[in-house]
Amino acid sequence: MLTIVYFAWVRERIGLDEEQVARPDAGTSIADLVAMLAARGGGHAEALGDATRLRAALDQRFVALDSPIGDARELALFPPVTGG
Amino acid sequence: MLTIVYFAWVRERIGLDEEQVARPDAGTSIADLVAMLAARGGGHAEALGDATRLRAALDQRFVALDSPIGDARELALFPPVTGG
Amino acid sequence: MKRVAVQAGDFDVATELAALEALGGGGVASFTGVVRGGGGLVALELEHYPAMTQAQVDRICDEAMARWPLLGLSVIHRFGRLEPGARIVFVGTASRHRAAALESCAFLIDWLKSQAPFWKKEHFADGAAGWVEARAEDEAKAKGWIG
Amino acid sequence: MKRVAVQAGDFDVATELAALEALGGGGVASFTGVVRGGGGLVALELEHYPAMTQAQVDRICDEAMARWPLLGLSVIHRFGRLEPGARIVFVGTASRHRAAALESCAFLIDWLKSQAPFWKKEHFADGAAGWVEARAEDEAKAKGWIG
C-alpha cells in the first residue's frame with residue numbers, strides 16, 4: 001500500500017487528510033497516479049483534475065510530478081506552498 | 001572668522017575641539033587651508049600633515065577636500081568615519 | 001546556535017534577539033512576519049505538513065550556516081488560526097559580518113515564503129474563505145536561491 | 001512613522017519592533033549592532049558630530065522612505081562609552097513587501113557604518129587605546145549606494 005496525504009484545498013476537495021491506495025508499479029510517475037485518482041470522479045476529480053496546479057513530495061521531499069513513485073512510503077499532494 | 005571643529009584623532013593631536021581662524025578668501029580650498037594649518041607645526045602638523053587621511057564637512061555637509069570654503073561658517077576636519 | 005521551532009503558540013521576539021546578541025558576533029539581523037488585516041480579513045489559518053516541516057526547516061538552516069559565517073540563527077514558524085496583527089514567522093541571524101547576517105536572513109525568509117510546506121487560508125468577516133494563491137515571483141525566487 | 005534617535009543611553013529592541021509591527025505592514029526587518037569583545041577590549045568610545053548627526057540620519061531616512069515603500073522605520077545610534085555586549089546601533093523597517101523591508105534595512109546600516117559622522121575608539125585592558133580605522137570596503141559600499 002501507498003499512503004497519500006493531502007493538504008490545503010486538495011485535502012478539502014477530496015474530503016480526506018490521507019488515504020491508502022494499492023501500490024502502483026515502481027515506474028509509475030506521480031502524474032500517472034494523479035490521473036488515475038482523478039478518474040475516480042467526485043472530489044478526486046475536482047482536486048486532482050488539473051495537475052499543473054499541484055505540487056508533490058515523496059517521503060517528505062519535494063519532487064517533480066513526473067518523478068517515479070519508486071518505493072516511497074508516503075506521497076503528498078498539495079497546491080504550491082504559501083508559507084511565511 | 002571661520003570656526004573649525006575637529007574629531008577623533010584629529011581633535012586629540014591638535015588638542016582642541018574647535019578653534020576660530022581668520023576667514024580665508026572664498027576661493028581657498030579646504031586642502032589649501034589644511035596645508036596652512038599644518039605649517040603651524042606641533043599638533044597641527046601631526047594631525048593635518050597627511051591630507052589623504054582626512055575627510056571634511058562644510059556647514060555639516062560632507063565635501064571633498066578640494067572644495068572651496070566659500071562662505072561656510074563651520075569647517076569640520078576628521079578621519080574617515082567608523083560608525084555603526 | 002541553531003533554534004528551529006514550528007509551533008501554534010506565539011513567541012517573544014526580544015528573547016530570540018537577546019539569545020542571538022549574546023553570541024558575541026556583533027551583528028544580528030531579523031525579519032518578523034505579521035498577519036496583515038484589511039479587506040474584511042478576520043483570520044488566517046495556517047496548515048502545514050508536520051512530518052516534513054521541521055526536517056525541511058532544519059535542513060535549510062544547515063544550508064544557511066554552511067553558506068554564510070553565522071554564529072547562530074533562530075527560525076520560528078507558527079501554524080493554526082492567527083488574527084490580524086499576530087506574528088506568523090520569525091527569522092533571526094547572528095554574524096560578525098553584517099552582510100552575512102542580512103543576506104542569510106533574506107535567504108531564509110524567502111525560502112520559508114516559497115518552499116516551506118505551509119498553506120494559508122483567509123477567513124473574512126462575511127463568512128467567505130479562500131486559500132491564498134502562491135505568487136509566481138516567490139516560486140521563481142526560491143529556485144534562484146536554491147539552485 | 002519615522003523615528004530617529006542619537007543618544008547615549010541604551011534602547012529596547014522589543015519596543016522598537018512592536019511599534020513597527022503595529023503599523024500593519026506585515027513585514028518588519030531589523031539589524032542590531034553590538035560591541036564585540038575579545039582581544040582585551042574593555043570598552044568602545046563613540047564620538048560623533050552632534051550638529052551633523054541627527055540631520056544626516058534624518059535625511060538618509062527620508063531617502064530610504066522615498067526609495068522603498070516603507071510604512072515606517074526606526075534608527076537609533078548610541079554614542080559615548082560602551083562595553084562589550086552593549087548595543088550600539090539599531091535599524092528597523094516595516095513594509096508590506098519583505099524585500100523592501102530587508103533591502104532598506106541593509107541600506108541604512110551600510111550608510112550608518114560608512115557615512116554617519118561617528119568615530120570609534122577602542123580601549124584595551126592593558127591601558128592601550130586606538131581609533132578604529134575605516135575599512136576601504138565600507139567607504140566604497142557607501143559610494144555605491146549613495147551614487
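For clarity, every value in this text was computed on a predicted model and none was experimentally measured. Letters go in sequence order (proteins before strands), and every chain restarts at 1.
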Heavy-atom side-chain proximity of D/Val75 to D/Ile60 below 4.5 angstrom: no

Pick one of side chain, backbone, both or neither for B/Arg53, based on which atoms fall under 4.5 Å of a heavy atom in chain D. side chain

Nearest heavy-atom pair of D/Gly72 and D/Met65: which atoms, and what distance? CA-CE, 4.2 Å

Closest-packed option against chain B by number of heavy-atom pairs under 4.5 Å, given [options]:
| options | answer |
| --- | --- |
| D/Tyr49, D/Phe31, D/Phe79, D/Phe90 | D/Tyr49 |
| D/Gly33, D/Pro117, D/Ala55 | D/Pro117 |
| D/Glu133, D/His77, D/Lys121, D/Met52 | D/Met52 |

Salt-bridged, D/Glu16 to D/Arg3, with N to O below 4.0 Å? yes

Is B/Arg40 salt-bridged to B/Glu19, going by a charged N under 4.0 Å from an acidic O? yes

At a 4.5 Å cut-off on heavy atoms, which part of D/Arg59 comes close to chain B: side chain, backbone, both, or neither? side chain

Check the orientation of B/Phe7 and D/Trp119. Use parallel for under 30°, tilted for 30 to 60°, and perpendicular for over 60°.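 B/Phe7 and D/Trp119: parallel rings.
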
